[in-house]
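Read through the structure below, which is laid out as structure tokens, and then see the notes.
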Amino acid sequence: YIFYTLKGLKALEEQLKEILNIKKVIISPNSSGDDPFVYKDMGKTASKCINSIIKNDSIIGLTGGTSIYQVVMEYKNSRDIEKYKNVTIIPARGGLGKEVEYQANTLVQNLANKLGCNYKTLYTPDFLSKGTIDSLLKEPSIKSIIELIEHIDILVFGIGRADKMAKRRGLKNDEIQSLISKGAVSEAFGYYFNENGEIVHEISTIGIKLETFKKIENLIAVAGGSEKAEAIASISKLNKNLTLICDESVAKKIILKY
Ligand code: F6P
């Protein structure tokens, strides 16, 4: 039975990889419709994936959210305190949300503690004016983290639905409607995209730029739940180097739809 299940999942992974035209897909099986363990499993898979590509001087970028939180939770402590001493972990962009435990800055510190490596944080709010951004970018401490962000080798990021993320960030109803009427279906690292992977809106904050994202060699997206099908398909258009770690329910939904 397990043999057939695994074989079935492998076929599903290949099919989804072809449809999305990306580097790799890893699917966690769902035991039931609403399966909380699947997020743990996706986190574990992602942590193994990071482990297999991490080099002794890697710069790893993380975003916030519950999916990447699970990745950090599932990461095992390194027993070798020397191994990662030149690795650096940074948030992909600034952030000061209400739920501190899911913020990129918190996840960065937790993962760095597990690996025994360096980290930097970036505590800047979303929604900054252009003038504020320009002057903050002149600050040496912010400049140095922006330089690191531009050299991220491995980015581990979450994917959200545009409507849900706009709501989570406290946008007003008419602002959410305006995003949706412009075709926004997905959100990742501070950008909202339409189904073709074109920018609909960009949060005015400090952090990773889309041009940088498009050049990163190792991209690991962690996203599950069938309601994220369109969002995942949209983000997959941005960079073919993507490794997608998702669950069976959303994999099947994407295959049916596209
Ligand atoms: O807010 C950070 C972030 O990574 C967003 O860019 C993304 O849309 C969202 O979190 C994903 O959150 P979750 O994993 O909780 O669905």
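Order of appearance sets the numbers: ligands from 1, and atoms from 1 within every ligand.
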Side-chain donor/acceptor pairs under 3.5 Å, residues 210-224, sequence neighbours excluded:
from : atom 1 : to   : atom 2 : distance (Å)
N218 : ND2    : D153 : O      : 3.4

Discussion item. Which residues pass the side chain to side chain donor-acceptor pair (under 3.5 Å) test with S234, not counting sequence neighbours?
Written reply: S186
Practice prompt. Would you check if there is a donor-acceptor pair between the side chains of S181 and S178 at a distance under 3.5 Å?
Written response: no
Worksheet item: Can you tell me if Y75 and N110 form a side-chain donor-acceptor pair at under 3.5 Å?
Response: no
Item to complete: Quick one, list the residues around ligand 1 where some non-hydrogen atom comes in under 4.0 Å, by chain and residue number.
Response: T63, G64, G65, T66, S67, G158, I159, G160, M165, R168, R169, E187, A188, F189, K228
Discussion item. Checking N105 now: which residues fulfil side chain to side chain donor-acceptor pair (under 3.5 Å) with it, not counting sequence neighbours?
Written reply: none
Worksheet entry | Any donor-acceptor N or O pair under 3.5 Å, side chains S249, D247 | yes
